[in-house]
Amino acid sequence: VSTQSTGSSGINAEYGKQWYQRRVRVLRTIILILCHTFTLTVFCAFKFEKFRLLGRSIRPVVMTYAHADENSPLCPLKKDIPGLESGGLPKLQRTIGILSASAIVFGNCVGAGIFISPKGVYEKAGSAGAGLLVWAMAGTLATLCTLAYAELGCMMQESGGEFVYIKKTYGPLPAFLFSFCNAFLIKPAGLAVVSLTFAEYFASLLWSGAPINPSMIKVIAACFIVLIGVMNCLSSNAIVKFCSISSFLKLALVAFLLASGIAIIIKGKGKLENFKLDTTFEGSSSSPADYGLAFYFCMFSFQSWNSLNYMTEELKNPTRTLPLGGFMGLLGVALSYVLANVAYLMLFSVTQIIQSGTIAMDSGYMAFGRVGELIMCLGLLASCLGCQAGGMFCVARNIQSTAEQDIFPKWMAYISPSLNTPIPAVIMVVLCEFLYLLVDVNLLIPCLGTVEWFFYAVTFSVLIYLRYKEPKTPRPVKIPLVLAFGLFCVTVTFVILPLFSPDS
C-alpha cells in the first residue's frame, strides 16, 4: 500500500508539474501576442499619420501642423482632418455626455481597494459606527471638492486639471512641478498597484491553490498594462463605453455584497451588534490623529474625484456636464462605499475585518461558498479593468494638454487625427507603469499621496485668489467662499497630519 501510495503521489506530482508548465506556455504566448499587438498598433498609427521610418527609429516628419506648409505634400488638408483648427493642432472631440462623465468618475474611483481590505479605516477608528461615519464624511468631502473644481473648470475650459489653474495663477514653474509629479509619479504609481492587484487575482484563477512566482505576477501585470494601452491608443469612445460597462459591473458587485450580508443574517449568523446604538461605537478611538489617518485612508479610495477636469475639452457642454457628471459620479461612489462597508459589518466583526486581507472574497465565500468567492474574484478583475482603463485615459490627457502648453516636449501633444487619441502620451503612461512594477509601489504610495494633497491645497488657494483677483469673471458654477476656505484648511491638514504620525 505504501509503495502504491508513493507511486500515485509521484504520478500526481508529475501531472501537476506538466499542467503548470502548459499554463505557463499558454500565458507566455498570450503575453507575446499582446506585446506584438501593442507594437503593431503604435507603428501603424504613427505610419498612417505621416510618420517615416528612418534607420531603426520612428520619428515624425510633421509632428504638429502649426508650422507646416498647407501646400506641402506632407501636410494633409485641414478640412479632411476632424477637429483640426486653422493654424493649430488636431483638437479632441467633445463626445462625453453627463452619463458617460459620471461613469468615468465612478469607474476611476471605485478600484479594487474597497473590495479588498478596508482594515486601515477600522483599525484607526476602532469601531463599526466610527468607521461608517468616517466613510460617509470622506464621501461628502470628495463631493464638495468636485464642486469646487467644477467652478475652476467652468471658468477655464481647458483640459489639464490643476496644471491649467496653477499655471494661470502662479506661473509655469509650479505648474510644471505639479504636472511632472502627477503624470509621471502619483497617477502611474496608483495604476501600477491596480495592475498588480489584477495580476494577483488573475493568477489565483489560473493556479488555484498553487504557489505563484512573484515574477509571474509582474509579467501578468505588464501584459494587462499593454492590453489597456492598446485600447487607449485605438479608441477614446471604446474606453468611455468600457468604463460605463465596468461601472455597472461594480454596482452589481456591491449589490452582491449586500446580498451576501442579507443571506447571512437570514441564516441567523449576521453580526447585528455592529448596528445597535448601544454597541456600534464600542472601542472607538479617542485620538484625533487616529481619525485623521482613518480619513486619510478613506480619501485614497476617492482620489480620482477630479477626473473630469483632465478632459474638459472632450465634454459636451462643460458648464453643465462638469458639475453634474462629477456630482452624480461621486454620489454613486460614496453610496457604494457605504453600502459595501454595511455588507462587511453584516458578515464580520471589526476585529475580523482588520485581520482579513481579502475581505470581499471572504464575504462571498462565507455566504455562498466557492461559487460566491469566484463571483467576487471575477468582479474584482472587472473593477481593476475599468479603473486602469479610465485612469490611463485621464493621465494621458493630462500629459497631452501639458505638452500643448510647451511644458513637456511638444511631441507628447500629438493627437492622431483619425483615431482621435493622444498616442505618445498613452505610451508614456505605459512606460511609467512598467518602471513602477520594478519597485515596491506600496512604499511609495503614502509619500506620493502627501504630495498629491499638497497640490490640492495649492489649487484651492487658486480658487480663493481668483475670487479676489478676478471677481467679475463669469462663473457658471460658484461655491460659497467659506466652503473654499474650509476645503483649503482640510487639504493642508492632510499634508501636515502624516508628518506627526508614528505609523506614517
Side-chain angles (χ1 to χ4, degrees), residues 92 94-111 114 135-165 182 187 190 236 239-240 243-244 246-248 250-251 298-338 386-387 389-391 393-395 397-398 401 452-453 455-457 459-460 462-463 466 474-480 483-484 486-488 490-491:
L92 295 168
R94 296 190 181 275
T95 57
I96 302 175
I98 293 177
L99 291 178
S100 297
S102 59
I104 289 174
V105 173
F106 186 90
N108 288 358
C109 285
V110 182
I114 186 62
W135 277 107
M137 292 176 63
T140 303
L141 176 63
T143 305
L144 294 176
C145 289
T146 302
L147 294 177
Y149 266 52
E151 176 178 331
L152 290 171
C154 292
M155 281 181 62
M156 296 167 270
Q157 297 183 16
E158 301 177 37
S159 296
E162 292 92 340
F163 164 77
V164 176
Y165 318 140
N182 189 64
K187 298 300 184 182
S236 297
I239 292 295
V240 173
C243 287
S244 300
S246 175
S247 297
F248 284 114
K250 292 173 186 179
L251 286 173
C298 284
M299 291 308 296
F300 266 116
S301 299
F302 288 95
Q303 65 177 348
S304 295
W305 50 265
N306 56 345
S307 299
L308 297 184
N309 292 78
Y310 294 106
M311 56 186 78
T312 308
E313 295 177 17
E314 296 180 76
L315 300 179
K316 299 176 182 177
N317 190 8
T319 57
R320 178 178 171 83
T321 302
L322 187 58
L324 286 180
F327 178 79
M328 291 170 58
L330 259 298
L331 184 62
V333 172
L335 288 175
S336 297
Y337 283 178
V338 171
C387 187
F393 183 91
C394 294
V395 179
R397 268 62 185 172
N398 182 24
S401 61
E452 185 176 29
W453 279 106
F455 283 111
Y456 288 157
T459 306
F460 288 127
V462 169
L463 190 152
L466 291 179
R475 290 174 170 84
V477 177
K478 188 174 182 179
I479 66 170
L483 178 58
L487 292 174
F488 174 75
V490 169
T491 51

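Note that this is a predicted model, so its numbers are computed, not measured.
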Legend entry - Val477 side chain reached by Leu147 side chain, heavy atoms, under 4.5 Å: no
Inset, instruction - State whether the number of non-hydrogen atoms from other residues, nucleotides or ligands found under 6.0 Å of Arg475 atom CZ is greater than 12. - result: yes
Inset, instruction - Nearest 0.5 Å please: distance from the CG atom of Leu99 over to the CE atom of Met328. - result: 5.5 Å
Legend entry - Spacing of NZ belonging to Lys478 relative to CG belonging to Leu463, to within rounding of 0.5 Å: 10.5 Å
Legend entry - Passing candidate, side-chain hydrogen bond (donor to acceptor under 3.5 Å, both in side chains) with Tyr310, options Glu162, Arg397, Lys187: Glu162
Legend entry - Ala142 to Leu330 - nearest heavy-atom pair and separation: CB-CD1, 3.6 Å
Legend entry - Heavy-atom pair with the smallest gap, counting every atom of Ala148 and Phe460: CB-CE2, 3.6 Å
Legend entry - Approximate separation, where rounding is to 0.5 Å, of Met299 CE and Leu141 CG: 4.5 Å
Inset, instruction - Would you give the length of the straight line joining atom OG1 of Thr140 to atom CZ of Phe302, rounded to the nearest 0.5 angstrom? - result: 8.5 Å
Inset, instruction - Classify the ring geometry between Trp305 and Tyr149 as parallel (under 30°), tilted (30 to 60°) or perpendicular (over 60°). - result: perpendicular
Inset, instruction - Without swapping roles, check the side chain of Ser100 against the backbone of Ile96 for a donor-acceptor pair under 3.5 Å. - result: no
Inset, instruction - Using the side-chain contact (heavy atoms from CB on, under 4.5 Å) rule, take Leu466 and Leu152 through it: C-alpha gap first, then chi angles, then the decisive distance, then the call. - result: CA-CA 9 Å; Leu466 291 179; Leu152 290 171; 4.2 Å; yes
Legend entry - pair Thr143-Leu331: side-chain heavy atoms closer than 4.5 Å: no
Inset, instruction - Give a yes or no on whether the ring-centroid distance for Tyr456 and Phe488 is below 6.0 angstrom. - result: no
Inset, instruction - Please confirm whether the backbone N or O of Cys154 pairs with a side-chain atom of Thr319, one donor and one acceptor, at under 3.5 Å? - result: no
Inset, instruction - Identify the heavy atoms of Leu315 and Ala101 that sit nearest to each other, and give their distance. - result: CD2-CB, 4.4 Å
Inset, instruction - Give the minimum heavy-atom separation between Leu251 and Ser336, together with the two atoms involved. - result: CD2-OG, 3.7 Å
Legend entry - Minimal non-hydrogen separation, Leu308 against Gly326, with atom names: CD1-N, 3.4 Å
Inset, instruction - Using a 4.5 Å cut-off on heavy atoms from C-beta on, say whether the side chain of Met155 contacts that of Tyr165. - result: no
Legend entry - Side chain to side chain, Tyr337 and Cys298, heavy atoms closer than 4.5 Å: no
Inset, instruction - Mark yes when over 12 heavy atoms from residues, nucleotides or ligands other than Met137 sit less than 6.0 Å from its CE; otherwise mark no. - result: no
Legend entry - Closest non-hydrogen atom pair, Val333 against Cys109: CG2-CB, 3.7 Å
Legend entry - Gap between atom CG of Asn306 and atom CD of Glu452 - 0.5 Å precision: 7.0 Å
Inset, instruction - Drop me the distance from Phe455's CZ to Asn182's CG, to the nearest 0.5 angstrom. - result: 8.5 Å
Legend entry - Exam field: side chain Glu151 to backbone Ile479, donor-acceptor pair closer than 3.5 Å: yes
